[in-house]
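Bear in mind the structure is a predicted one, so any value in this text is a computation, not a measurement. Only this structure's heavy atoms are used, side chains among them; waters, hydrogens and symmetry mates stay out.
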Amino acid sequence: MVYIVSWDEFVDRSVQLFRADPESTRYVVKYRHCDGKLVLKVTDNKECLKFKTDQAQEAKKMEKLNNIFFTLMARGPDVDLSEVTGKEPMETQPTKKGRGRKQ
């Protein structure tokens, strides 16, 4: 099992692997708090793709990959992934200013 260095390559190859055999493809997430490392693994028992990181920015990209896999599983492997955006923008509420205690 070789770790893939590039995030984009890992995502592309993982999606290809899932589309080739959606019935037997698995996606595993392992986080070690003591090391601060996140390991993602996608396998179909023939090919194994792994990605390891200790960067918080790349850990946030994992959420987008989760959304991609959820979309593929729910809608089928032939779905167009261009509409998967990760997180929907949340509506921001206006902050209240000047509401503190008067002295």
Determine, step by step, whether Tyr3 and Leu49 satisfy the side-chain contact (heavy atoms from CB on, under 4.5 Å) criterion, reporting the C-alpha distance in whole Å, the side-chain angles of both residues, the deciding distance to 0.1 Å, and the verdict. CA-CA 7 Å; Tyr3 289 97; Leu49 308 172; over 6 Å; no
Is Val28 reachable from Met73 through a run of hydrophobic residues whose side-chain heavy atoms are each under 4.5 Å from the next? no
Say whether Phe70 and Leu65 are linked into one hydrophobic cluster, either directly or through other cluster members, by side-chain heavy-atom distances under 4.5 angstrom. no
Sequence neighbours excluded, which residues qualify as side chain to side chain donor-acceptor pair (under 3.5 Å) partners of [X]?
{"X": "Thr53", "answer": "Glu58"}
{"X": "Asn66", "answer": "Tyr27"}
{"X": "Asp8", "answer": "none"}
{"X": "Gln55", "answer": "none"}

Atom pairs and distances, donor-acceptor, side-chain atoms in residues 15-23, under 3.5 Å, two or more places apart:
unit_1	atom_1	unit_2	atom_2	d
Arg19	NE	Pro77	O	2.7
Arg19	NH2	Val79	O	2.7
Asp21	OD2	Ser24	OG	2.5

Side chain to side chain, Arg26 and Asp44, heavy atoms closer than 4.5 Å: no
For Val42 and Thr25: C-alpha separation, side-chain torsions, deciding distance, then whether side-chain contact (heavy atoms from CB on, under 4.5 Å) applies. CA-CA 7 Å; Val42 179; Thr25 302; 3.8 Å; yes
Give, for atom CG of Asn67 and atom CE of Met62, the distance between the pair rounded to the nearest 0.5 Å. 10.0 Å
What's the separation between atom NZ in Lys41 and atom CZ in Phe10, rounded to the nearest 0.5 Å? 11.0 Å
Give a yes or no on this: more than 12 heavy atoms of other residues, nucleotides or ligands lie within 6.0 Å of atom OH of Tyr31. yes
With sequence neighbours left out, write down each residue that passes side-chain contact (heavy atoms from CB on, under 4.5 Å) with Asp35, or none if nothing qualifies. Arg32, Lys37
Carefully, step by step, assess Ile4 and Lys50 under the rule side-chain contact (heavy atoms from CB on, under 4.5 Å). CA-CA 6 Å; Ile4 297 175; Lys50 289 180 98 176; over 6 Å; no
Start with the C-alpha distance between Phe51 and Leu38, add both sets of side-chain angles, then the distance that settles side-chain contact (heavy atoms from CB on, under 4.5 Å), and finish with yes or no. CA-CA 8 Å; Phe51 180 81; Leu38 176 72; over 6 Å; no
